[in-house]
Amino acid sequence: MTRDETLRIIKILELNYQKFSEKLQNKENLETAIDIWQEALKDTNYNTSLKAIKKLILNKKEIPTIYDVKKIILEIRKEQTEEEAWDKA
């Protein structure tokens, strides 16, 4: 994911989790968050990350952690792999 895409993910989280938004009011905190999330999600495309974030927003009251997002991304990738295997059969 690009830095701009990572920022979009963070903005979605801010809109849905007030405490997350409050933590990022400071520009330095926002920049640090972008750097950390970017590093963690750099091997994931934006659409897969967005799908994971949407799933978490619908199912989790607390602010999702990077671990939560990566876990859902792995589930999405597994589903995609299984679908591809069925398509090839």
**Request:** Return yes if some donor-acceptor pair links the side-chain N/O of Lys23 with the main-chain N/O of Asn29 below 3.5 Å, else return no.
**Result:** no
**Prompt:** Do Val69 and Ile53 come close enough that some side-chain heavy atom pair is under 4.5 Å?
**Reply:** yes
**Asked** If two hydrophobic side chains count as joined below 4.5 Å and joins carry through other members, does Ile12 share a cluster with Ile66?
**Response** yes
**Request:** Applying side chain to side chain donor-acceptor pair (under 3.5 Å), name anything that partners Gln18, two or more places apart in sequence or on another chain.
**Result:** Glu22
**Prompt:** Would you say Lys60 and Tyr17 make side-chain contact, with heavy atoms under 4.5 Å?
**Reply:** yes
**Prompt:** So does Glu5 pair up with Arg8, basic N to acidic O under 4.0 Å?
**Reply:** no
**Message:** Do Leu41 and Ile73 have side chains that approach each other closer than 4.5 Å (heavy atoms only, starting at C-beta)?
**Reply:** yes
**Prompt:** Tell me, do Thr2 and Tyr46 make a side-chain contact under 4.5 Å, heavy atoms counted?
**Reply:** no
**Item:** Hydrophobic cluster identity match, Leu56 and Leu15, side-chain contacts under 4.5 Å
**Value:** no
**Complete:** With Gln38 as partner, the option from Ile9, Thr6, Ile10 fulfilling side chain to side chain contact (heavy atoms under 4.5 Å, CB included) is Thr6
**Message:** Main chain of Phe20, side chain of Glu14: is a donor-acceptor contact present, judged purely on distance under 3.5 Å?
**Reply:** no
**Asked** Where do Asp43 and Lys70 land on the side-chain contact (heavy atoms from CB on, under 4.5 Å) test, with the steps shown first?
**Response** CA-CA 10 Å; Asp43 64 336; Lys70 294 291 277 188; 3.1 Å; yes
**Qualifying salt bridge (Lys or Arg N to Asp or Glu O under 4.0 Å) pairs, either residue in residues 44-59, two or more places apart** = Lys55-Glu75
**Asked** Counting only N and O atoms by type, is there a donor-acceptor contact under 3.5 Å from the side chain of Asp35 to the main-chain atoms of Thr32?
**Response** no
